Amino acid sequence: MGRVFVDDRPWSADNGQRRFTVDAAALTPLSLPSDHPGVSDAAYRARRAAIAEVGAHHRPGDDPETVAYAPEEDDLWRLVATELAGWHRTRAVAAYRDGAAALALPVDRVPQLREVSSRLADLTGWTITPVPGLVPTRTFYGSLADRRFCSTQYIRHHSVPFYTPEPDVVHELLGHACALADPRYADLYELAGAASLRCEGDDALEAFSRVFWFTLEFGVAWEAGQLRAYGAGLLSSYGEIQAFREAEVRPLDLAVMASTTYDITQYQPLLFAARSFGHAHEALAGFLSGWDDDAHARLVHDSA
């Protein structure tokens, strides 16, 4: 990343090829990216690798294993969760706030994936699958079709509590899990997973990934006369949730999104706003329900 933001930058689909840039087998205490705040902290690298190992040994169908978080990790979660909650009251759409209230994540400690998964299952039929952090794009998206969300368990470095160059438990739970507790979001994520499975070619998957990025990661909508966030990337980012209204905002256009590139290393300079979250839900559901390689071919033809 070119510069460090006081912000938690989520990593999503990378040009439609992989969600992350290295294979899970390469996950070691030394495998952090060079811009990671903990790259020179041997104790943090060892701790992160130990927590990642819990996800690596998870077997499908089992409940997520408990992680014994240290007091300083609970303190870090408490700080970020408390600060973000204040911004969610004025910058998040009502559907997200409804989901967050229903899920009721603890604020005083890092939530266990086991308890979050159980609560989500009761609310919307979703479950959480722990992963070491490195998941192929098709695996990540495909799991959504089964109402399973792949989540990391480690937390960012304590030296910069509002920044991480990789997805951590803060982004996964405060960004995605809270949304999945609302039925409207829950349905959209499932439709997204099903759409990804119908993408046989990489080009169709890449176009799908871009739409996912500009909606479920960085989507915004008008609500009560204000521009509010509904995307997990914005909702879990302490810096960007304050700054997103300064971006260029265009009307919702899924076809344009599908062909628009983005840079994951900076605040998003371009956002697409729906007239309301209901409008975003209706448009995105329609798009995802019919998306496949043929739909992508038609989109390319019509845009020529």
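Predicted model only: the values in this text are computed from it and were never measured. Numbers here simply count residues along the sequence, with the first being 1.
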TODO: Given side chain to side chain contact (heavy atoms under 4.5 Å, CB included), test I51 with E73 step by step and report yes or no.
DONE: CA-CA 12 Å; I51 294 176; E73 292 169 327; 3.9 Å; yes
TODO: Please work out which of the three classes, parallel, tilted or perpendicular, describes the rings of W291 and F287, given edges at 30° and 60°.
DONE: parallel
TODO: Taking the six-membered ring for Trp and the full ring for Phe, Tyr or His, determine whether the centres of W213 and F218 are under 6.0 Å apart.
DONE: yes
Task: Option from V80, T82, L76 for which side chain to side chain contact (heavy atoms under 4.5 Å, CB included) with R78 holds - done: T82
- [ ] Any chance you could measure E223, atom CD, to R97, atom CZ, to the nearest 0.5 Å?
- [x] 6.0 Å
Open item on the list: Under 6.0 Å between ring centres: does that hold for Y141 and F208?
Closed with: yes
TODO: Please confirm whether the backbone N or O of A273 pairs with a side-chain atom of R250, one donor and one acceptor, at under 3.5 Å?
DONE: no
Open item on the list: Any carboxylate oxygen within less than 4.0 angstrom of a Lys/Arg side-chain nitrogen, looking at R109 and E72?
Closed with: no
- [ ] Taking all heavy atoms of D74 and all of Y69, pick out the closest pair and write down the distance.
- [x] OD1-CB, 3.8 Å
Open item on the list: Atom CD of residue position E282 - does it have more than 12 heavy atoms of other residues, nucleotides or ligands inside 6.0 Å?
Closed with: no
- [ ] For the residue pair F277 and Y230, categorise the inter-ring angle as parallel (less than 30°), tilted (30 to 60°) or perpendicular (more than 60°).
- [x] perpendicular
- [ ] Measure the spacing between CD of E166 and CG of D35 and express it to the nearest 0.5 Å.
- [x] 9.5 Å
TODO: Mind listing the closest non-hydrogen atom pair of A243 and Y267 along with its distance?
DONE: CB-CE1, 3.9 Å
- [ ] For the residue pair Q112 and P64, establish whether any side-chain heavy-atom pair is separated by less than 4.5 Å.
- [x] no
Open item on the list: So S289 and L191, do their side chains get closer than 4.5 Å, heavy atoms only?
Closed with: yes
- [ ] Using a strict 4.0 Å threshold on nitrogen-to-oxygen distance, state whether R198 and D294 make a salt bridge.
- [x] no
TODO: Spell out, yes or no, whether V300 and F214 are grouped together once hydrophobic residues are joined by side-chain heavy atoms under 4.5 Å, including indirect joins.
DONE: no
Task: Rounded distance [0.5 Å steps], CD in E83 versus CD1 in I241 - done: 12.0 Å
Open item on the list: So, taking the atom named CG in L216 and the one named CG in L188, what distance separates them when rounded to the nearest 0.5 Å?
Closed with: 6.0 Å
Open item on the list: Measuring only between side-chain heavy atoms, which start at C-beta, is T129 closer than 4.5 Å to F149?
Closed with: no
Open item on the list: For the CD1 atom of I128 and the OG atom of S118, what is their distance to the nearest 0.5 Å?
Closed with: 11.5 Å
Task: Within one Ile-Leu-Val-Met-Phe-Trp-Tyr cluster: L284 and V256, side-chain cutoff 4.5 Å - done: yes
Open item on the list: Under the criterion side-chain hydrogen bond (donor to acceptor under 3.5 Å, both in side chains), I'd like the reasoning laid out for H296 against D203: C-alpha separation, chi angles, the key distance, then a yes or no.
Closed with: CA-CA 8 Å; H296 177 250; D203 289 344; 5.6 Å; no
TODO: Would you indicate whether the side-chain heavy atoms of Q226 and R245 approach each other to under 4.5 Å?
DONE: yes
Task: Residue pair L205, S196: steps toward the side chain to side chain contact (heavy atoms under 4.5 Å, CB included) verdict - done: CA-CA 6 Å; L205 183 66; S196 77; 4.1 Å; yes
- [ ] Could you tell me whether R114 and D63 make a salt bridge, using a distance below 4.0 angstrom between a side-chain N and a carboxylate O?
- [x] yes
Task: Side chain to side chain, L235 and L174, heavy atoms closer than 4.5 Å - done: no
- [ ] Please determine if R138 and D202 form a salt bridge, counting it only when a charged side-chain N lies under 4.0 Å from a carboxylate O.
- [x] yes
Task: Hphob cluster co-occupancy, W87 + L105, side-chain heavy atoms under 4.5 angstrom - done: yes
Task: Minimum side-chain heavy-atom gap L270-F272 below 4.5 Å - done: yes
Open item on the list: Give me the atom names and distance for the closest heavy-atom approach of V93 to A221.
Closed with: CG1-CB, 4.5 Å
Open item on the list: For Y238 and F162, take the angle between the two ring planes, folded into 0 to 90°, and tell me which bin it lands in: parallel under 30, tilted 30 to 60, perpendicular over 60.
Closed with: parallel
Open item on the list: Under a 4.0 Å threshold between the charged nitrogen and the carboxylate oxygen, would E206 count as salt-bridged to R210?
Closed with: yes
Open item on the list: Would you say that more than 12 heavy atoms from the other residues, nucleotides or ligands in this model lie under 6.0 Å from the CD of E200, or not?
Closed with: no
Open item on the list: For a quick test of reading the model, state the closest non-hydrogen atom pair linking A280 to L252 and the distance between them.
Closed with: CA-CD2, 4.3 Å
TODO: Would you name the heavy atoms of D182 and T124 that are closest together and state the gap between them?
DONE: C-CG2, 4.0 Å
- [ ] Determine whether L234 and V249 fall in the same hydrophobic cluster, where Ile, Leu, Val, Met, Phe, Trp and Tyr are linked whenever their side-chain heavy atoms lie under 4.5 Å apart.
- [x] yes
Open item on the list: Is there a ring-ring contact (aromatic ring centres under 6.0 Å, His included) between H176 and H171? Walk through the geometry before answering.
Closed with: CA-CA 7 Å; H176 291 287; H171 170 66; 4.9 Å; yes
Open item on the list: Within the 4.5 Å heavy-atom criterion, are E190 and L288 side-chain neighbours or not?
Closed with: no
Task: Heavy-atom side-chain contact between R184 and H281 under 4.5 Å - done: yes
- [ ] Indicate the atoms forming the closest heavy-atom contact of L113 with P130, along with that distance.
- [x] CD1-CB, 3.8 Å
Open item on the list: Test side chain to side chain contact (heavy atoms under 4.5 Å, CB included) on L271 and F244; report intermediate values, then the result.
Closed with: CA-CA 8 Å; L271 300 174; F244 74 84; 3.9 Å; yes
Task: Verdict with reasoning, H36 to Y163, per ring-ring contact (aromatic ring centres under 6.0 Å, His included) - done: CA-CA 9 Å; H36 196 292; Y163 167 79; 7.8 Å; no
- [ ] Would you indicate whether R275, at its atom CZ, is surrounded by more than 12 heavy atoms from other residues, nucleotides or ligands within a distance under 6.0 Å?
- [x] no
- [ ] Calculate, to the nearest 0.5 Å, the distance between atoms CD and CD belonging to Q266 and E240 respectively.
- [x] 9.0 Å
